[in-house]
Student: 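After the structure tokens below, expect a handful of questions from me.
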Amino acid sequence: MDYVEFALTVIEAEEGQFHWVLMEPVDAEIDDELRYRPVDSSRQPYPTYAEALLYGSAAMRTRQGELREVLMQRQQQQQTGFRPSALAA
């Protein structure tokens, strides 16, 4: 897997208060349907849609990088047979 799939949206919770919401896909009951569940969101509102989108994009890139690193570590461990938990025993 070269990437982790996320969706980013911006909502206006109250007038002039924009929040980004990061979501990941979940299995849909219908093939034509896309379903997502929220996994992270801004803790503070932003004054514009564009600003919320900018910060949401940064959060998505950060999370994407963190998850990619975890997946790469797991892949390396599977290839080498190395398991950190084996050292603790």
Side-chain angles (χ1 to χ4, degrees):
M1 176 182 268
D2 294 330
Y3 69 96
V4 179
E5 187 176 343
F6 286 111
L8 173 64
T9 192
V10 173
I11 60 170
E12 187 175 17
E14 293 184 29
E15 188 173 336
Q17 294 188 357
F18 297 89
H19 290 268
W20 57 262
V21 180
L22 190 59
M23 302 175 291
E24 66 182 4
V26 295
D27 290 334
E29 296 174 11
I30 303 170
D31 288 339
D32 296 7
E33 190 174 70
L34 296 175
R35 289 198 171 214
Y36 291 87
R37 70 177 181 92
V39 293
D40 200 4
S41 64
S42 57
R43 287 158 184 63
Q44 66 187 41
Y46 295 95
T48 66
Y49 179 94
E51 193 172 346
L53 185 62
L54 178 70
Y55 281 95
S57 296
M60 184 169 58
R61 285 191 304 273
T62 299
R63 184 175 279 250
Q64 181 96 4
E66 290 170 355
L67 290 175
R68 184 178 292 135
E69 186 175 317
V70 167
L71 292 172
M72 287 175 50
Q73 287 174 356
R74 286 183 184 165
Q75 185 179 23
Q76 288 174 344
Q77 290 171 0
Q78 289 173 350
Q79 290 173 350
T80 62
F82 174 74
R83 292 183 326 193
S85 60
L87 295 176

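The figures here come from the full heavy-atom set of this structure, side chains too, leaving out hydrogens, waters and symmetry mates.
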Student: Treat each ILVMFWY residue as a node, draw an edge where side-chain heavy atoms are under 4.5 Å apart, and state whether V10 and V39 are in one component.
Tutor: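 Yes; V39 is reachable from V10 via cluster members.
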Student: Go through W20 and L22 one step at a time and tell me if the side chain to side chain contact (heavy atoms under 4.5 Å, CB included) criterion holds.
Tutor: CA-CA 7 Å; W20 57 262; L22 190 59; 4.0 Å; yes
Student: Check which hydrophobic residues are tied to Y36 through side-chain heavy-atom contacts below 4.5 Å, counting indirect links as well, and list them.
Tutor: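 For the cluster that includes Y36, the remaining residues are I11, V21, M23, L34.
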Student: Looking at CD of E24 and CZ of R37, how far apart are the two atoms once the value is rounded to the nearest 0.5 Å?
Tutor: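 Separation between the atoms: 4.0 Å.
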Student: Output the distance between atom NE2 (H19) and atom CD (E12), rounded to the nearest 0.5 Å.
Tutor: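 If we round to the nearest 0.5 Å, H19:NE2 and E12:CD are 10.0 Å apart.
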Student: I need the R63 CZ to L8 CG distance, nearest 0.5 Å.
Tutor: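 So the CZ of R63 and the CG of L8 are separated by 12.0 Å.
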Student: Describe, in one word, how the ring planes of F18 and Y49 are oriented to each other, choosing from parallel (under 30°), tilted (30 to 60°) and perpendicular (over 60°).
Tutor: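 The rings of F18 and Y49 stand perpendicular, inter-plane angle above 60°.
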